[in-house]
Amino acid sequence: MTEVTPNVAQSAGQAGVVVRASTWHRLVRNPMGLTALVILGVIVLIAVLAPLVAPGDPNFADIGNVLAGPGGGSWLGTDSAGRDIASRLVYGAQVTLLSAALAAAVAIAIGLPAGLLAGYYGGTFDGLANWTTNILLALPSMVVLLAVRAAIGPSTWIAMVVFGVLLSPGYYRLTRTAVQSVRNELYVDAARVSGLSDGRIIARHIFSVVRAPIIIQTAMVCGVAISIQSALEFLGLGDPMVPTWGVMVADGFRNIYRAPLTLVWPSAAIAVTIAAFVLLGNALRDSLEDLEKVKEKRARPVGPAARRAVPPVAVESGTEHHLLKVTGLGIGYPQPGGGRKTVVDGVSFHVDRNEVLGIVGESGSGKTQTAFAILGLLPDNAIVTGGAIQFDGVYTVAPDDDHVHQDRLAPLRGKRISYIPQEPMSNLDPAFTVGSQLTRPMVRILGITKAAARDRALNLLASVGIPEPQRTYDAYPHEISGGMAQRVLIAGAISCEPDLIIADEPTTALDVTVQAEVLDVLRELQSRLGLGIVVVTHNFGVVADICDRVVVMQNGRLVEEGPVRAILRSPQDPYTKVLLASMLENKPPMTPLLTEEKLSPLLTEDELVQAEESLELTT
Amino acid sequence: MLFMILRRIGSGVVVLVTVACLTFVLLYASSSNIARNILGDQATPEALAAKEAELGLDQPLLTRLADWWAHALRGDFGRSWFTNEQVFSAIASRLPVTLVMVFASIILIALVAAVLGMLAAVRRGWVDRLVQIGAVLGSALPGFIIGVFLVWVFAIQLRLFPPISKITPNAGLNLWVLSLTLPVIALVINGVASAAQQIRSAFIRQLELDYVRTLRSRGITEREILFRHVLRSAAPAGLTVLSLQFISLLGGVVIIESIFAIAGMGRLAVEATTKSDLPLVMGVVVYTVVIVIVVNLLVDILNGWLNPKVRVS
């Protein structure tokens, strides 16, 4: 069922081997990137070949022929001093590109080393650099450039150097963040342990990480630099002798009533050049972002049809008594470049009332995806590739559905099917109190008053073993412990008296002692309320503790199913045997790694000296 | 919370002092031909020397800096070299119209960018694509070109708005608002483009968090998740985006006021710069920095209030 086209396999191989080449290919294949590159190429050529391309002298003023229209003596006409517009445009490209390059070069020259040092070493330098950065970012660039102009006089180049300094925080932050994130990576540690000097580590391992973001940032910075440089010239703060696009816009603006076309040419030149840089930056970013979610185009009904409720489909008779029944479920995700990756394939099982089913498997076995499909909480781009899910005799995913229809599941979620997540802290909204997060669903679903919901929430908190319910009720998530938070989430899951609870690794993130308590709470609630529970876990200890039946999943498929005792005592599938064997409990202790006779030194004195010498050579 | 505010005020003062001192040194370090600039090329050496003595330019730089601070702390930023107008009153008379434009712009940017960013993040699909394309186009066009073309199309061709805005509020509220419409639009376009994109990514980051899935599992409606939870959590990121937009608006008005001939602080800054009217330039820089610091402080307080970890402690 896994549909992987040859094209996908090929491009995956490329990405693994020659990243740079494939980034370049993707950039050129991207119409946006190609257009931008061509435009910039043309502008650079024009600027370099200005003396050859320009029809005349950009500063030659023909006073007898001012504001002439296009045609005649000059291609694009003349400005208010009778100077040839086409020639001035061509020479203006030189100034424009050079000033962008200058600003970017200064910004990189300051921001990159500062970011590398601050990120790699931290400490005082980091603090000082951050402080400087904050000051630079607090100043409007235009006002600073005005002050510099007032102090030093009109010079495009000085303005661009100063602007480069003002832009350097962008590079600094980018580099610093990137360096901090890789500084403690294992391969950098390995390089350090193997004796590479800091300089070599920065050059070899860290610089390669920041290279791509820097190129993207530079494309954007060039656009910004051109924008501010032309604005300065437009305000008349530049050198009047240098032909620039900004000065030309100003001249056109002054004569806007008489010759508006003189305004159009330089404006278009500025806009097109900046747009090319911005597009190039975006295209680069797109071509580097492999990991972005790919969404398969599906023929979604548009308009009123989309809002129409999906018709109910009758379930197979004789299966209505199962609380939950999953039949041949398949889930897949579209891949970049076409094709699909199947993560769940042909999975079938059922859960009855008053029963706890365990779904066991390693990470990547598809167990969590199955759980989310039952809840209808799969990511947007997930595709149901086959099968069906029925809850209490009604399909929630009908046999022909290709995605989860929210109008089938939304009425059930929270009310009849509820969810206990894996990671307690990240599953509570940090901005709201525990109490408000507990009462909101009750008010909505049970239709009770806020006061009634509050009493109920306090009782629930007590029933999941929270010693001071009122205090926890009033607390924000950051004020309670992980174990308490998980109890809060369990209380939330049972708050609206569901029939089925999906518990996704409910104890994995907790301390061992807390794990047992949380499982006790779950078991007690299950027998008291007669719930059906699906426990997703990788831990057979949890299974043995709480489950009645168990299904074992591997690579998206179901490999074994049966009562807990039978599977624990005599597993049939080899994978189940491996999983069981990997449990730590009830195993004979390992033999000590070093026995008496092996306690002699591993290396002789001579060997040690040799090893040290070879280490010194590499540094 | 109180401690946080006090610390922010303290660091704001440090920034202000640093920037003011650096600017002063930058402006006055090369003061050799200031007197000649003011008096013109024909001035005699005696007149030049007298002028320098009058402006205190014969004093050492640090003495002048100390002198400037001594006066500035009493609210006296000196007088313009060319018009002899008090720097304080020159700025005070120009500041209101600039602040009106900047605040109107930032409110518009906040509203439009938040709506566009949220729509793009939640709906994805064609709305998202449209917002992304708009963001690229909007950020590709420099503010002054947008301003110039707004004048050409809406003021000169269509005659819907006055091309220049020398009108004061006394001329009637309608006319005044009308005269400021084009400048504000010119200011807003760039800001909306970049803010919408950043707000979009802030929303997408929030929507992918675990707690959103858990809220969905509890039967909370999409609308409530979006407006009560995600909006709240994305607000700090949005505020930071807006505070950066505010700073760039203060630069943007310099250009827009020149295009529309608005007698605001930005135009004052350009005039002072062209003439090297240093006391005025100094005053503009200090006022701008003060505005930025106050706005950043407000943003910090708002962010602290939004974040229970800061608020509760």
Side-chain angles (χ1 to χ4, degrees), chain A residues 134-135 137-144 146-152 223 226-228 230-231 234-237 249 253 256-257 260 263 267 270-271 274-275 278-279 282 295 375 377 380 410 413-415 418-419 421 423 426-432 440-441 444-445 476 478-479 489 492 496, chain B residues 15 18-19 23 26-27 29-30 124 136-137 139-145 148-149 151-152 156 209-211 213-221 224 229 232-233 244 247-248 250-252 254-255 258-259 269-270 272-274 276-278 281 284-285 288-289 292-293 296 306-309 312:
Chain A
N134 287 339
I135 290 191
L137 286 176
L139 299 168
S141 326
M142 201 44 157
V143 175
V144 177
L146 288 184
V148 170
R149 162 67 167 73
I152 297 171
I226 292 175
S227 170
I228 201 114
S230 352
F234 173 78
L235 291 175
L237 299 174
V249 175
F253 188 53
I256 193 166
Y257 286 98
L263 176 64
S267 304
I270 294 171
I274 297 177
V278 174
L279 280 178
N282 278 337
K295 202 161 181 173
L375 285 158
L377 294 176
D380 288 348
R413 245 191 337 248
K415 193 175 188 177
S418 70
Y419 167 59
E423 177 65 49
S426 69
N427 278 288
L428 289 168
D429 185 341
F432 289 84
R440 221 18 238 173
R444 223 194 85 69
I445 285 167
Y476 282 95
H478 73 272
E479 297 171 311
L489 286 164
C496 296
Chain B
V15 169
T18 315
V19 173
T23 313
L26 171 78
L27 287 176
S30 58
R124 306 307 282 264
V136 171
L137 289 180
S139 49
L141 290 170
F144 74 98
I145 290 193
V148 162
F149 275 85
V151 170
W152 187 33
I156 293 175
L209 291 182
D210 286 349
Y211 78 81
R213 186 170 53 216
T214 301
L215 285 170
R216 286 191 181 126
S217 82
R218 296 280 185 265
I220 305 286
T221 56
E224 184 173 337
H229 295 274
R232 171 78 177 265
S233 322
L244 289 175
I247 294 175
S248 77
L250 286 176
V254 171
I255 302 159
S258 297
I259 293 176
V270 175
T273 301
T274 341
S276 285
D277 195 343
L278 300 190
V281 174
V284 169
V285 170
T288 311
V289 173
V292 169
I293 288 172
N296 279 346
L306 280 170
N307 180 353
K309 277 188 204 175
V312 172

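Side chains included, hydrogens not; waters and symmetry mates left out as well; all remaining heavy atoms used. Order of the sequence lines fixes the chain letters, A, B, ..., with proteins taken first and strands second; residue numbering starts at 1 for each chain.
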| remark: Note: A:N282 and B:V136 closest approach over all heavy atoms is ND2-CG2, 2.9 Å
| request: Would you mind checking which part of A:P421 comes under 4.5 Å of any heavy atom in chain B, side chain (CB onward), backbone (N, CA, C, O), both or neither? | output: side chain
| When heavy-atom pairs shorter than 4.5 Å are enumerated against chain A, which of B:A272, B:G252, B:S217, B:S258 gives the highest number? | B:S217
| field | Nearest-0.5 Å distance that lies between atom CG in A:L235 and atom CD1 in B:I259 | value | 8.0 Å
| message | Which one wins on heavy-atom pair count under 4.5 Å against chain B: A:A410, A:A275, A:G492? | response | A:G492
| field | Contacting region of B:V289 [heavy-atom separation from chain A under 4.5 Å] | value | side chain
| For B:S248, is it the side chain, the backbone, both, or neither that has a heavy atom closer than 4.5 Å to a heavy atom of chain A? | neither
| query | Going through the distances and angles, do A:R444 and B:T221 end up as a side-chain contact (heavy atoms from CB on, under 4.5 Å)? | reply | CA-CA 9 Å; A:R444 223 194 85 69; B:T221 56; 3.5 Å; yes
| Top contributor to chain B interface from A:S267, A:G236, A:S418 [non-hydrogen pairs under 4.5 Å] | A:S267
| query | side-chain contact (heavy atoms from CB on, under 4.5 Å) between B:V19 and A:I135: does it pass, once the steps are laid out? | reply | CA-CA 8 Å; B:V19 173; A:I135 290 191; 3.8 Å; yes
| Which bit of A:A231 comes within less than 4.5 Å of chain B, counting heavy atoms only: side chain, backbone, both or neither? | both
| Among B:N296, B:D277, B:T18, which has the most heavy-atom pairs under 4.5 Å with chain A? | B:T18
| Shortest non-hydrogen contact from A:A150 to B:S276? | O-OG, 3.1 Å
| query | For B:V292, is it the side chain, the backbone, both or neither that has a heavy atom under 4.5 Å from a heavy atom of chain A? | reply | side chain
| field | Residue A:L237 versus chain B: region with a heavy atom under 4.5 Å | value | side chain
| field | Pick from A:I256, A:I226, A:L137 with the largest number of heavy-atom pairs that fall under 4.5 Å of chain B | value | A:I256
| remark: Nearest heavy-atom approach of A:N427 to B:Y211 is C-CB, 3.5 Å
| What's the shortest heavy-atom distance between B:R232 and A:A431, and which atoms? | NH2-O, 3.8 Å
| said: Rounded to the nearest 0.5 Å, what separates atom CD1 in A:I274 from atom CD1 in B:I145? | reply: 6.5 Å
| Six-ring centre of A:Y419, B:R213 cation under 6.0 angstrom, axis tolerance 45° | no
| note | Max heavy-atom pairs within cutoff under 4.5 Å with chain B, candidates A:L377, A:V278, A:L489, A:V144, goes to A:L377
| Segment of B:I247 engaging chain A (4.5 angstrom heavy-atom cut-off) | both
| request: State the CZ-CD1 distance between B:F144 and A:I228, to the nearest 0.5 angstrom. | output: 10.0 Å
| Which atom of B:R218 lies closest to which atom of A:I445, heavy atoms considered | O-CD1, 3.2 Å
| task | Of all the heavy-atom pairs spanning A:V148 and B:L26, show the shortest one and how long it is. | result | CG2-CD2, 4.0 Å
| query | Between CE of A:M142 and OG1 of B:T273, what distance do you get to the nearest 0.5 Å? | reply | 9.5 Å
| said: Under a 4.5 Å cutoff for heavy-atom pairs, which residue among A:S230, A:A271, A:C496 has the most contacts with chain B? | reply: A:S230
| Looking at CG of B:D210 and CG of A:D429, how far apart are the two atoms once the value is rounded to the nearest 0.5 Å? | 12.0 Å
